[in-house]
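Just so we're clear, the structure is a prediction, and the values are computed from it rather than from any experiment. Letters go in sequence order (proteins before strands), and every chain restarts at 1. Side chains are part of it too, since the values below use all heavy atoms of this structure and drop only hydrogens, waters and symmetry mates.
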Protein chains: 2
Amino acid sequence: MPLRADAARNRESLLAAAITEFAEQGMDAPIAAIARRAGLGKGTVFRHFPTKDDLVGAIVLDRIARLTAAGERLSTAADAGAALLEFMTTAAQERERLDLSVLQGDLGAEVAAAQTRMSAVIDALVDRAREQGAVRADITGADVMLLMCVPNDVVKHLPSGAPDLWRRYLAILFDGLRPEGAHPLPVPPPS
Amino acid sequence: MPLRADAARNRESLLAAAITEFAEQGMDAPIAAIARRAGLGKGTVFRHFPTKDDLVGAIVLDRIARLTAAGERLSTAADAGAALLEFMTTAAQERERLDLSVLQGDLGAEVAAAQTRMSAVIDALVDRAREQGAVRADITGADVMLLMCVPNDVVKHLPSGAPDLWRRYLAILFDGLRPEGAHPLPVPPPS
DNA sequence: TAACAAGTTGACCGCGCGGTCCGTTTCGCG
DNA sequence: CGCGAAACGGACCGCGCGGTCAACTTGTTA
């Protein structure tokens, strides 16, 4: 049986409220604040997401799905280096900034599967870029996976002010991924 | 009146316990756990540090002081580029990993002052490196200040396993700071 | 429009945390 | 020694959180 109409609407409100609340207040924002922001009762949140982790999981799942779709769309671009850069830009500019530190906790098999799928897409993106000589030979998809959230994380500590500053650090980081002037890396990539 | 002998000893035990506990369990490790690890009572912690923030502040202060000293020592090295790299290495390899996100909360004027002093040292380091052409012309001390904690942060999300992986990402990041093959940056540096 | 299921609500519970307090222990000095 | 002050310990308090529940409201469907 599908969701009732108002319930579906409320579910979306809740997700939106949670996304902005988490972005503004950090990942330990109280559920009550999310409910208030959505103009709903606290109990309603738990009806849709039995656990706070379920709520976070739903958000993360959506984010990963979007990113995966973007990656797939870019995986056939002519300029693989530009495609990779655009992918990382997309990853960084998602308004719904939620620190990926959240992925350390187990969000369930669904999230893990989505993550694996995204990982494959990133691998493809990086492989093509490497073949075209757009990025250095010694980096892998796993590297990009770890590094793509850096620009946001760097800026998050700031009291803010410059909302576009992450672009600066993405540019610096990406220059570090280019083959020109690359120095050998002291440690092999992770699994 | 100076501290009593056992009190001074206990203070050190507490700081050490807090550092490792925070590193292992994250910044919201309970005070009780720190006390237990130090083999002391919870009340003793609050006698030395009236507030959890005071404890964190003491640790951060010490960390900043160490880093500042290391920076000063390096500020006269012949090869300014190598000096900057070594500084960032020192910053990253501190066993006492505590995410600098903690600096967003106000830890008091003392910490702020120490931070300013460190900022000046980093500025000097970066300026010299730039003059020697070891780093690109368009980065500043503020950039390095923001970026130097990246290698640790990147690896922290991992279930661990490779304790030296941060070196890999420091190398990539530093390659992004070099002048060779640098692309223009889209956004000016922060204040 | 009647009637039932699906959805909503906010008061409520338990827990774990930061922080307090006072009886007890320990240091250090004459 | 012995004594006073400094330091310690852990039971205790209040608060804010995640999560529950039973009474109430509302969409849906025939």
Side-chain angles (χ1 to χ4, degrees), chain A residues 1-60 98-99 101-102 104-108 111, chain B residues 1-60 98-99 101-102 104-108 111:
Chain A
M1 164 116 54
L3 228 50
R4 226 168 69 177
D6 57 341
R9 215 179 326 121
N10 286 341
R11 189 177 198 277
E12 293 311 305
S13 304
L14 281 175
L15 279 172
I19 286 168
T20 67
E21 190 70 21
F22 283 146
E24 289 180 6
Q25 306 296 331
M27 211 55 52
D28 47 3
I31 295 281
I34 292 165
R36 207 179 321 123
R37 185 185 280 259
L40 296 171
K42 197 168 73 148
T44 307
V45 182
F46 286 101
R47 159 160 274 266
H48 287 283
F49 309 97
T51 261
K52 191 176 185 179
D53 277 351
D54 288 321
L55 174 55
V56 174
I59 296 175
V60 169
L98 49 85
D99 53 10
S101 69
V102 108
Q104 61 186 16
D106 268 359
L107 278 316
V111 171
Chain B
M1 165 113 57
L3 228 52
R4 224 167 71 177
D6 57 342
R9 214 178 328 120
N10 286 342
R11 189 176 199 276
E12 293 311 305
S13 303
L14 281 176
L15 280 173
I19 286 171
T20 66
E21 191 70 22
F22 283 145
E24 290 179 7
Q25 306 296 333
M27 209 55 52
D28 46 4
I31 294 282
I34 293 165
R36 207 178 322 122
R37 184 186 281 261
L40 296 171
K42 198 166 77 150
T44 307
V45 182
F46 287 101
R47 159 163 276 266
H48 287 283
F49 309 98
T51 261
K52 191 177 185 178
D53 277 350
D54 288 320
L55 174 55
V56 174
I59 295 175
V60 169
L98 48 85
D99 52 11
S101 69
V102 107
Q104 62 187 14
D106 268 0
L107 278 314
V111 171

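- C:dT26 atom P lies 16 Å from atom CZ of B:Arg47, rounded to whole Å.
- Computed from coordinates, the B:Arg11 CZ to D:dC8 P distance equals 12 Å when rounded to whole Å.
- Rounded to a whole Å, the CZ atom of B:Phe49 is 13 Å from the P atom of C:dG19.
- Residue B:His48 places none of its side-chain N or O atoms closer than 4.0 Å to OP1 or OP2 of D:dA7.
- Across every non-hydrogen atom of A:Ala17 and A:Arg37, the tightest pair is O-CD, 3.7 Å.
- For C:dT9, the OP1/OP2 oxygens have a side-chain nitrogen or oxygen of A:Thr44 closer than 4.0 Å.
- Atoms CG and CZ, on A:Leu40 and A:Arg11 in that order, are 13.5 Å from each other to the nearest 0.5 Å.
- Note: A:Leu15 CG to A:Leu55 CG = 6.5 Å, rounded to the nearest 0.5 Å.
- Side-chain contact between B:Phe49 and B:Val56 is absent, with no heavy atoms from C-beta onward closer than 4.5 Å.
- One finds the OG1 atom of B:Thr44 at 12.0 Å from the CD1 atom of B:Ile31 (value rounded to the nearest 0.5 Å).
- A distance of 10.0 Å separates CG in A:Leu14 from CD1 in A:Ile59, rounded to the nearest 0.5 Å.
- Between the CD1 atom of B:Ile34 and the P atom of C:dG19 there is a distance of 11 Å, rounded to whole Å.
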Output one letter per nucleotide in nucleotides 17-30 of chain D: B when a protein non-hydrogen atom lies under 4.0 Å from the base, S when only the sugar-phosphate is that close, - when neither is.
SBBB-----BSS--

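- When rounded to the nearest whole Å, the span between CD of B:Gln25 and P of C:dG16 equals 15 Å.
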